[in-house]
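Structure first, commentary second.
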Amino acid sequence: MGSEPGLMDTLAEHWEIAKKLRSLQIHFDPEKCKGVWQCYEVCPIGCWTPDYERRVAIFHDPEKCVACGACVLQCPEDAIELK
Ligand code: SF4
Ligand code: SF4
């Protein structure tokens with residue numbers, strides 16, 4: 001059981017990082033968006049919807065975003081920031 005305090009410390013640290021990540025918010029610049037839909041395809045929560053007519057993504061669920069960063073990494077136009 002000697003390793004238990006170490007494990008708890010690690011979990012506590014992980015939780016702190018997760019909380020910090022969750023306080024980050026998506027900033028989306030629709031002017032840069034080219035409508036390639038990677039954000040829509042990678043978001044595990046379904047925060048994005050394609051507007052096929054206007055060829056622009058819609059970020060419609062900011063309160064559900066878990067700040068995983070997947071859409072930021074996948075957007076080829078740098079239209080999405082997490083800060
Ligand atoms: S950061 Fe993650 S959860 Fe939030 S919108 Fe992007 S892909 Fe979805
Ligand atoms: S990945 Fe970027 S360019 Fe593609 S639809 Fe999403 S925001 Fe627009």
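All values below come from the heavy atoms of this structure, side chains included, with hydrogens, waters and symmetry mates left out.
Residues F59 and C65 are in side-chain contact: their nearest non-hydrogen atoms beyond the backbone lie under 4.5 Å apart. Residues D78 and D29 have side chains not in contact (no heavy-atom distance under 4.5 Å, counting atoms from C-beta outward). At least one side-chain heavy atom of P76 sits under 4.5 Å from a side-chain heavy atom of Q38.
The environment of H14 atom NE2 is sparse: at most 12 non-hydrogen atoms of other residues, nucleotides or ligands sit within 6.0 angstrom.
Note: Q25 CD to E81 CD = 12.5 Å, rounded to the nearest 0.5 Å. For the atom pair CH2 of W37 and CD of Q74, the computed distance is 15.5 Å after rounding to the nearest 0.5 Å. The distance from the SG atom of C68 to the CG atom of L82 is 8.0 Å, given to the nearest 0.5 Å. D61 CG to I26 CD1: the interatomic distance, rounded to the nearest 0.5 Å, is 12.5 Å. Atom SG of C75 and atom CH2 of W48 lie 7.5 Å apart (nearest 0.5 Å). If you take CD on E77 and SG on C39, they are separated by 11.0 Å, rounding to the nearest 0.5 Å.
For the residue pair A79 and K32, the shortest heavy atom distance occurs at CB-CB, 3.8 Å.
Taken together through direct or relayed side-chain contacts under 4.5 Å among Ile, Leu, Val, Met, Phe, Trp and Tyr, L24 and V72 form part of one hydrophobic cluster. Follow the hydrophobic side-chain contacts under 4.5 Å out from Y52 and you reach V56 in the same cluster.
A distance-only check finds a donor-acceptor pair linking the side chain of D51 to the backbone of R54 [under 3.5 Å].
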